[in-house]
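Let me begin by presenting the structure, written as structure tokens, before commenting on it.
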Amino acid sequence: MITVFGSINMDLIATTERLPKPGETVAGNGFATAAGGKGANQALAARRAGRYVHVAGAVGKDAFAAEALALLDDAGTDLSLIKHVDGPTGTALILVGGDGENMIAVVPGANGQVTPADAETAIGRMNEGDILMLQLEVPAAAVEGALSAARAKGVTSILNLAPLIPDAPRLGRLADIVIANETEFERLAGQEGMDAQAREAALARLHAETGQTLIVTLGADGVIAIRDGSISRAQGLKIEPVDTVGAGDTFCGYFAASLDDGLDFVSALRRAAVAGSLACLKAGAQPSIPLSEEVADRI
């Protein structure tokens with residue numbers, strides 16, 4: 001079983017010919033709303049990958065709450081660990097340029113009211129060998145509490161180091177498996193501007209220090225990882241992206257689901273990378289997450 005402990009948002013998405021520079025205003029050419037939040041996105045990805053998933057987090061008592069949970073509910077995700085709190089549901093303000101790249105500002109809302117006590121409740125319903133998936137869009141104290149409780153109970157923890165908060169390097173040391181993009185990994189390693197050779201050396205160094213499984217997503221260049229002293233690589237698909245929002249979350253959810261389904265590590269990386277590529281072919285975070293059979297057809 002997989003439990004995802006993290007954020008639940010509504011995404012407010014505007015599209016433009018190109019992303020603005022600092023202080024610049026550009027004309028938009030489209031607007032949409034979509035359910036999002038890194039926790040919810042990853043949970044839906046794991047569910048669409050075919051696994052049973054619990055979601056632990058918080059939404060507000062506002063008009064966005066039901067919409068933010070709709071796709072999770074429709075997919076059959078267990079929402080019994082989600083609390084409803086006073087105030088707004090979390091929101092993400094997203095700009096998507098004509099090349100598919102994006103800029104995102106996240107307003108935590110109810111996500112800021114997730115607590116270490118919520119973490120204890122969520123882990124309390126898990127069993128040894130289950131998988132816990134986390135990100136950094138809820139308070140660091142809650143993430144730390146969840147990671148500590150998971151380790152004590154023998155639950156496998158997967159931490160996605162996004163967004164890149166100041167506590168990310170410290171919290172990253174507490175997880176069994178860490179997933180990061182290039183920038184996040186550089187922060188974790190304490191080394192900026194890595195080329196491919198330096199990145200591989202840093203992976204080996206950190207792995208030797210911590211024994212953790214470390215995964216670095218590289219966008220169009222696929223993924224590199226280290227586990228049990230061995231470097232692995234996997235490629236996604238060659239695509240022309242429509243929108244990269246949610247691609248990383250899709251990777252994370254599919255990776256967790258693949259491990260939960262008993263796939264070997266390299267196969268799990270490949271399946272997750274293909275799923276992340278497919279997520280770039282549609283707009284929005286959750287609407288773009290592919291179904292299991294779509295991914296299977298492209299592996």
First locate atom [atom1] of [X], then atom [atom2] of [Y], and finally report the distance between them rounded to the nearest 0.5 Å.
{"X": "Arg233", "Y": "Asp221", "atom1": "CZ", "atom2": "CG", "answer": "11.0 Å"}
{"X": "Asp228", "Y": "Phe265", "atom1": "CG", "atom2": "CZ", "answer": "8.5 Å"}
{"X": "Ile94", "Y": "Phe31", "atom1": "CD1", "atom2": "CZ", "answer": "10.0 Å"}
{"X": "Leu203", "Y": "Arg227", "atom1": "CG", "atom2": "CZ", "answer": "14.0 Å"}
{"X": "Leu19", "Y": "Asp99", "atom1": "CG", "atom2": "CG", "answer": "6.5 Å"}
{"X": "Leu164", "Y": "Glu184", "atom1": "CG", "atom2": "CD", "answer": "5.5 Å"}

Mark yes or no for whether [X], through its side chain, and [Y], through its backbone, hold a donor-acceptor pair below 3.5 Å.
{"X": "Arg270", "Y": "Ile299", "answer": "no"}
{"X": "Asp130", "Y": "Asn127", "answer": "yes"}
{"X": "Asp249", "Y": "Cys252", "answer": "no"}
{"X": "Ser230", "Y": "Ile226", "answer": "no"}
{"X": "Lys83", "Y": "Gln113", "answer": "yes"}
{"X": "Thr89", "Y": "Gly60", "answer": "yes"}
{"X": "Lys153", "Y": "Ile123", "answer": "yes"}
{"X": "His207", "Y": "Gly229", "answer": "yes"}
{"X": "Glu294", "Y": "Leu278", "answer": "no"}

Looking only at non-hydrogen atoms, find the nearest pair between [X] and [Y] and report the distance.
{"X": "Ala49", "Y": "Tyr254", "result": "CB-CE2, 3.5 Å"}
{"X": "Gly172", "Y": "Val178", "result": "O-CG2, 3.3 Å"}
{"X": "Ala247", "Y": "Cys280", "result": "CB-SG, 3.6 Å"}
{"X": "Asp167", "Y": "Ala140", "result": "OD2-CB, 3.4 Å"}
{"X": "Asp11", "Y": "Gly36", "result": "OD2-CA, 3.5 Å"}
{"X": "Ala68", "Y": "Ala35", "result": "O-CB, 3.6 Å"}

Is it true that atom [atom1] of [X] has more than 12 heavy atoms of other residues, nucleotides or ligands lying nearer than 6.0 Å?
{"X": "Phe64", "atom1": "CZ", "result": "no"}
{"X": "Arg298", "atom1": "CZ", "result": "no"}
{"X": "Glu24", "atom1": "CD", "result": "yes"}
{"X": "Glu17", "atom1": "CD", "result": "no"}

inquiry  = One pair to check against side chain to side chain donor-acceptor pair (under 3.5 Å): Asn160 and Gln135. What are the steps and the verdict?
reply    = CA-CA 5 Å; Asn160 177 210; Gln135 323 75 34; over 6 Å; no
Check the hydrophobic clustering (I, L, V, M, F, W, Y; side-chain heavy atoms under 4.5 Å; chains of links allowed) and say if [X] and [Y] are grouped together.
{"X": "Leu93", "Y": "Val96", "answer": "no"}
{"X": "Leu171", "Y": "Val155", "answer": "yes"}
{"X": "Val138", "Y": "Ile2", "answer": "no"}
{"X": "Ile289", "Y": "Ile8", "answer": "yes"}
{"X": "Leu161", "Y": "Phe5", "answer": "yes"}

Does any donor atom in the side chain of [X] or [Y] lie under 3.5 Å from an acceptor atom in the other side chain?
{"X": "Thr217", "Y": "Asn181", "answer": "no"}
{"X": "Asp176", "Y": "Gln212", "answer": "no"}
{"X": "Asp118", "Y": "Thr121", "answer": "no"}
{"X": "Asn102", "Y": "Thr244", "answer": "yes"}
{"X": "Arg51", "Y": "Ser258", "answer": "no"}
{"X": "Glu137", "Y": "Asn111", "answer": "no"}

Are the side chains of [X] and [Y] in touch, meaning some heavy atoms are under 4.5 Å apart?
{"X": "Leu263", "Y": "Arg271", "result": "yes"}
{"X": "Leu281", "Y": "Pro241", "result": "no"}
{"X": "Asp78", "Y": "Val55", "result": "no"}
{"X": "Glu182", "Y": "Leu218", "result": "yes"}
{"X": "Met194", "Y": "Phe185", "result": "yes"}
{"X": "Ile231", "Y": "Ile224", "result": "yes"}
{"X": "Ile13", "Y": "Thr33", "result": "no"}
{"X": "Val53", "Y": "Val4", "result": "yes"}

ask   = Between His54 and Tyr52, how do the two ring planes meet: parallel, tilted or perpendicular, split at 30° and 60°?
value = perpendicular
Lys/Arg-Asp/Glu bridge criterion (N-O < 4.0 Å) met for [X], [Y]:
{"X": "Glu209", "Y": "Arg173", "result": "yes"}
{"X": "Arg170", "Y": "Glu144", "result": "yes"}
{"X": "Glu186", "Y": "Arg199", "result": "no"}

task = Under the side chain to side chain donor-acceptor pair (under 3.5 Å) rule, what do Thr250 and Arg48 come out as? Steps first, then yes or no, please.
result = CA-CA 10 Å; Thr250 298; Arg48 286 187 176 172; over 6 Å; no
task = Take Ile131 and Leu259 through the side chain to side chain contact (heavy atoms under 4.5 Å, CB included) test and state the conclusion after the steps.
result = CA-CA 9 Å; Ile131 294 176; Leu259 290 188; 4.0 Å; yes
request  = Any chance you could lay out the side chain to side chain contact (heavy atoms under 4.5 Å, CB included) test for Ile215 and Ile177, step after step, and finish with the verdict?
outcome  = CA-CA 8 Å; Ile215 300 169; Ile177 301 171; 4.0 Å; yes
query = Can you list the steps and then say if Leu174 with Leu159 is a side chain to side chain contact (heavy atoms under 4.5 Å, CB included)?
reply = CA-CA 9 Å; Leu174 304 178; Leu159 176 62; over 6 Å; no
request  = Show your reasoning for whether side chain to side chain donor-acceptor pair (under 3.5 Å) applies to Asn9 and Ser7.
outcome  = CA-CA 7 Å; Asn9 289 339; Ser7 57; 4.7 Å; no
task = Given side chain to side chain contact (heavy atoms under 4.5 Å, CB included), test Asp73 with Leu79 step by step and report yes or no.
result = CA-CA 7 Å; Asp73 193 26; Leu79 306 179; 3.9 Å; yes
